Structures are given as C-alpha cells and as structure tokens.
Amino acid sequence: VQLQASGGGLVQAGGSLRLSCAASGSIFSIDAMYWYRQYPGKQRELVAKITNDNSTTYADSVKGRFTISRDNPKNTVNLQMNSLKPDDTAVYLCNAHIKIKSSDWLRTFSYWGQGTLVTVSS
C-alpha cells in the first residue's frame with residue numbers, strides 16, 4: 001500500500017492551495033484519513049481528520065480556512081487551504097488507517113505519504 005501526496009507549492013499570503021493524497025495497493029477499506037504538518041525541528045501536528053462517515057475535525061489554527069474531504073471510490077483525501085498565512089508554511093503529510101485483508105485476518109495499519117512542502121510568502 002502506498003500514499004502519494006501532491007499539490008504543494010509556493011503561494012502568496014491570502015491565496016489558496018489544494019492538496020491531494022491517493023492510496024493505492026491491496027486495500028480492503030480505509031477508516032480515518034488525516035493531514036498533518038511539520039515545521040522544521042518540531043513534531044508533527046494534526047491539521048485535519050475525516051472519518052469514513054465524513055465526520056471532520058480541525059486544528060483551531062485552520063478552522064474556517066481549511067476543508068478536508070475524501071473521495072472513497074478513488075481512495076483519496078483532499079485538503080483545500082484558503083486564506084493561507086505565512087504561519088501555514090510547513091511540510092504537509094497525509095496519513096490513512098487502512099484495513100488489509102488476508103485469507104485468515106483483517107487488520108488495520110497506519111500508512112504515511114511523503115511530505116509535500118507548502119510555502120506561503122508574506
């Protein structure tokens with residue numbers, strides 16, 4: 001199973017970017033999907049979460065500006081980021097809790113995509 005993130009880049013303050021992350025491989029089903037971000041030298045922080053019934057949670061710092069969504073048939077999670085601020089500059093990483101099925105078990109694993117850099121200039 002792999003997660004492939006895309007959509008990062010350079011944008012001016014007040015602008016918008018859309019991140020996408022697609023899961024591929026032998027997937028039985030996907031539970032919650034997440035976007036995290038990481039500043040240099042800091043721990044990852046949760047930006048947004050979406051469950052498999054589309055319940056969402058956001059960090060206070062992004063509420064009202066960011067929207068997480070998912071496309072279940074495409075195994076994709078998106079993050080629409082509006083009104084971007086210089087403080088949003090970070091590496092953004094997607095994460096998904098994915099059920100894998102074998103002949104005799106069904107288990108959930110946590111998978112990470114590669115980071116995508118978002119840079120917001122002032």
Side-chain angles (χ1 to χ4, degrees):
V1 173
Q2 290 186 331
L3 295 185
Q4 182 69 43
S6 61
L10 173 64
V11 65
Q12 287 189 331
S16 299
L17 280 175
R18 182 178 176 85
L19 305 183
S20 291
C21 178
S24 61
S26 298
I27 297 168
F28 180 78
S29 66
I30 301 179
D31 294 337
M33 304 182 84
Y34 305 79
W35 284 100
Y36 287 79
R37 63 187 177 189
Q38 189 164 22
Y39 299 104
K42 300 286 184 66
Q43 287 189 333
R44 291 173 186 175
E45 65 176 37
L46 178 64
V47 175
K49 169 187 174 181
I50 185 166
T51 64
N52 54 5
D53 62 355
N54 289 319
S55 175
T56 58
T57 305
Y58 297 93
D60 287 343
S61 59
V62 307
K63 281 181 182 176
R65 301 188 298 122
F66 290 11
T67 301
I68 189 171
S69 62
R70 63 192 286 170
D71 184 334
N72 289 330
K74 295 182 179 179
N75 292 332
T76 299
V77 61
N78 304 301
L79 186 68
Q80 178 66 41
M81 305 185 294
N82 298 329
S83 302
L84 282 160
K85 305 175 181 179
D87 285 350
D88 295 317
T89 296
V91 173
Y92 285 72
L93 305 105
C94 57
N95 175 264
H97 291 183
I98 298 176
K99 282 190 168 62
I100 307 296
K101 188 178 187 302
S102 75
S103 58
D104 55 359
W105 52 257
L106 178 66
R107 296 178 185 169
T108 302
F109 298 88
S110 176
Y111 291 92
W112 289 91
Q114 88 288 8
T116 185
L117 178 62
V118 171
T119 304
V120 184
S121 63
S122 57

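Everything numeric in this text was worked out from a predicted model, so none of it was measured.
Of the possible polar contacts, one joining the T76 side chain to the K74 backbone as a donor-acceptor pair under 3.5 Å is found. The backbone N or O of L79 sits nowhere less than 3.5 Å from a side-chain atom of Y92 that would complete a donor-acceptor pair. Between the side chain of T89 and the main chain of V120, a donor-acceptor pair closer than 3.5 Å is present.
No hydrogens or angles considered: nothing links the side chains of N78 and Q80 as a donor-acceptor pair under 3.5 Å. In this model, a donor atom of one side chain and an acceptor atom of the other lie less than 3.5 Å apart for R37 and S61. Side-chain atoms of D71 and S69 include no donor-acceptor pair closer than 3.5 Å. For the residue pair S29 and N52, no side-chain donor N or O sits within less than 3.5 Å of a side-chain acceptor on the partner. With no hydrogens or angles considered, no side-chain donor-acceptor pair links S55 and D53 at under 3.5 Å.
Side chains of W35 and C21 form a contact here, defined as non-hydrogen atoms less than 4.5 Å apart. Counting only heavy atoms from C-beta outward, the side chains of T116 and L93 never approach each other to under 4.5 Å. Annotation: side chain of N95 is in contact with side chain of Y36 (closest heavy-atom distance under 4.5 Å). Between V77 and I68, some side-chain heavy-atom pair lies under the 4.5 Å cut-off. With a 4.5 Å cut-off on side-chain heavy atoms, I27 and N75 count as touching. For the pair K99 and T108, the minimum side-chain heavy-atom distance is below 4.5 Å. Between R70 and I30, some side-chain heavy-atom pair lies under the 4.5 Å cut-off.
In this structure, K85 does not pair ionically with D88, as no charged nitrogen and carboxylate oxygen lie closer than 4.0 Å.
In plain terms, the two heavy atoms of V91 and G115 that are nearest each other are CG1-CA, 3.6 Å. Contact detail for S121 and L10: the closest heavy-atom pair is CB-CD1, 4.4 Å. What you find for A23 and L3 is that their closest heavy atoms are CB-CD2, 3.2 Å. The two residues S16 and S83 have their closest heavy-atom pair at OG-N, 4.4 Å. Among all heavy-atom pairs drawn from L106 and F28, the shortest one is CD1-CD2, 3.6 Å. In this structure, L17 and G7 approach most closely via the heavy-atom pair CD2-O, 3.9 Å.
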- Query: Should V118 and L19 be marked as a side-chain contact (heavy atoms from CB on, under 4.5 Å) after you check the CA-CA gap, both sets of side-chain angles, and the distance that decides it?
  - Reply: CA-CA 9 Å; V118 171; L19 305 183; 4.1 Å; yes
Step-by-step side-chain contact (heavy atoms from CB on, under 4.5 Å) determination, F66 to N82:
CA-CA 6 Å; F66 290 11; N82 298 329; over 6 Å; no
For this session: Please assess I100 against S102 for the test side-chain contact (heavy atoms from CB on, under 4.5 Å), listing each intermediate value before the final yes or no.
Result: CA-CA 7 Å; I100 307 296; S102 75; over 6 Å; no
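Taking the six-membered ring where the residue is Trp, the centroids of H97 and Y111 are separated by 6.0 Å or more.
Between atom OH of residue Y58 and atom CG of residue L46 there is a gap of 11.0 Å, rounded to the nearest 0.5 Å. Here C94 contributes atom SG and M33 contributes atom CE; the two are 7.0 Å apart, rounded to the nearest 0.5 Å.
More than 12 heavy atoms of other shown residues, nucleotides or ligands fall within 6.0 angstrom of atom CD in Q38.
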